Amino acid sequence: MVTFEAMIQDKKVRMFADLPLKNAAGAIIKTLAQISQKTDIFNGTFVMCFGWAYFFLDKRQDENGEEYWVVQTTDYQKNPMNDKTDNVTVSLLVQNIQIETVQTAKVQPLAATFKDTVLVLKEAMGAKDVYMNRTEAEKEGDSGWYFGLLDDPNEENHSADEYTVIASYEFLKFRSEALRVLEMPVGTLAVFHENTLTALVDKDDNPLKFTTPPKKEAKETPDSEETISENKE
């Protein structure tokens with residue numbers, strides 16, 4: 001487990017993750033520090049929506065009685081609508097791949113959270129070749145995404161009971177890479193073979209770039225108030 005630690009105002013803040021996701025953790029800390037300039041985030045009820053995920057601050061004491069605050073996130077393995085976890089790994093990873101996809105495609109992101117819904121063709125959930133298409137959301141809490149079979153000859157003839165509606169976090173159970181495109185704009189079409197994104201096009205059927213060569217982690221140091229120390233346990 002990796003511990004990230006920073007000072008925000010005069011409060012010690014810690015984050016815990018399974019991987020050394022320093023840049024992603026730094027983005028959360030920096031945003032919390034910015035919000036703290038305008039409002040009290042250390043009130044026990046603070047909630048921050050950052051991209052796809054929600055984050056919370058929980059007050060703790062160490063073995064010496066010293067106060068610190070833990071950044072928590074929703075627990076996707078339990079009931080994310082109610083349960084929280086100290087392990088922010090999944091939220092940071094999803095944040096990373098969504099930002100990477102939007103930036104690589106050079107498009108303006110359109111927000112979607114872990115609890116926003118997706119219309120899914122049940123048959124597609126276990127299929128190898130599938131696609132996702134985003135249309136205008138019909139109501140609040142609807143992502144606008146559809147998940148279906150690629151080259152489906154019966155697409156116009158499926159009955160209502162052949163579809164289901166899921167919260168987007170449920171992709172973690174059967175097609176985690178679908179979360180990669182969740183913040184792409186209306187009109188985007190994404191094609192997957194098993195759990196690999198193979199094609200991405202915009203509303204005008206123009207292909208979008210979605211892969212980049214591996215790159216080293218950025219070395220920039222945040223402002224002193226938001227500087228993160230990293231400890232591996």
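Along the sequence shown, the residues carry numbers beginning at 1. All of these numbers come straight from a predicted model, not from anything done at the bench.
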Contact check, side chains of [X] and [Y], non-hydrogen atoms, under 4.5 Å:
X: Val90; Y: Tyr169; answer: no
X: Leu32; Y: Ile41; answer: yes
X: Leu172; Y: Phe114; answer: no
X: Tyr146; Y: Thr135; answer: no
X: Gln9; Y: Gln37; answer: yes
X: Phe4; Y: Lys22; answer: yes
X: Thr74; Y: Phe56; answer: yes
X: Asn87; Y: Met1; answer: yes

Following the transitive rule for hydrophobic clusters with a side-chain heavy-atom cut-off under 4.5 Å over Ile, Leu, Val, Met, Phe, Trp and Tyr, establish whether [X] and [Y] coincide in one cluster.
X: Phe192; Y: Ile166; result: yes
X: Val181; Y: Val191; result: no
X: Leu121; Y: Met125; result: no
X: Tyr76; Y: Phe174; result: yes
X: Val13; Y: Ile35; result: yes

Can you measure from [atom1] ([X]) to [atom2] ([Y]) and round to the nearest 0.5 angstrom?
X: Lys209; Y: Thr101; atom1: NZ; atom2: OG1; value: 12.5 Å
X: Glu194; Y: Glu177; atom1: CD; atom2: CD; value: 12.5 Å
X: His193; Y: Asp129; atom1: NE2; atom2: CG; value: 5.5 Å
X: Leu150; Y: Leu189; atom1: CG; atom2: CG; value: 8.5 Å
X: Tyr68; Y: Lys59; atom1: OH; atom2: NZ; value: 12.5 Å
X: Asp205; Y: Lys203; atom1: CG; atom2: NZ; value: 10.5 Å

Write down the atom of [X], the atom of [Y], and the distance for their closest heavy-atom approach.
X: Val107; Y: Pro185; value: CG2-CD, 3.7 Å
X: Thr73; Y: Val88; value: CG2-CA, 3.9 Å
X: Val118; Y: Trp145; value: CG1-O, 3.5 Å
X: Ala24; Y: Asn96; value: CB-OD1, 3.4 Å
X: Ala105; Y: Met184; value: CB-CE, 3.8 Å
X: Met132; Y: Phe147; value: CG-CD1, 3.5 Å

State whether the side chain of [X] and the backbone N or O of [Y] hold a donor-acceptor pair below 3.5 Å, judged by distance alone.
X: Gln98; Y: Leu179; result: yes
X: Asp202; Y: Leu208; result: no
X: Asp204; Y: Asn206; result: no
X: Thr117; Y: Ala167; result: no
X: Asp116; Y: Ala112; result: no
X: Asp62; Y: Glu66; result: yes
X: Arg134; Y: Leu110; result: yes

Quiz item: Taking it one step at a time, do Asp58 and Lys84 satisfy side-chain contact (heavy atoms from CB on, under 4.5 Å)?
Solution: CA-CA 10 Å; Asp58 189 46; Lys84 304 171 187 176; over 6 Å; no
Self-check item: Val94 vs Phe171, side-chain contact (heavy atoms from CB on, under 4.5 Å): CA-CA, chis, key distance, verdict
Solution: CA-CA 11 Å; Val94 172; Phe171 278 125; over 6 Å; no
Does a salt bridge link [X] with [Y], judged by any charged N lying under 4.0 Å from a carboxylate O?
X: Asp86; Y: Arg60; value: yes
X: Glu67; Y: Lys11; value: no
X: Glu162; Y: Lys122; value: no

Exercise. Check step by step if side-chain contact (heavy atoms from CB on, under 4.5 Å) holds for Gln72 and Thr85.
Key: CA-CA 6 Å; Gln72 295 185 300; Thr85 177; over 6 Å; no
Do any side-chain atoms of residues 44-55 form donor-acceptor pairs under 3.5 angstrom with protein atoms, and if so which ones, sequence neighbours left out?
unit_1, atom_1, unit_2, atom_2, d
Thr45, OG1, Asn43, OD1, 3.2
Trp52, NE1, Ser168, OG, 3.0

Exercise. Applying side-chain contact (heavy atoms from CB on, under 4.5 Å), run through Leu57 and Val71 and close with a yes or a no.
Key: CA-CA 5 Å; Leu57 285 164; Val71 178; 3.8 Å; yes
Practice problem: Using a cut-off of 6.0 Å, state whether more than 12 heavy atoms not belonging to Glu155 lie near its atom CD. | Solution: yes
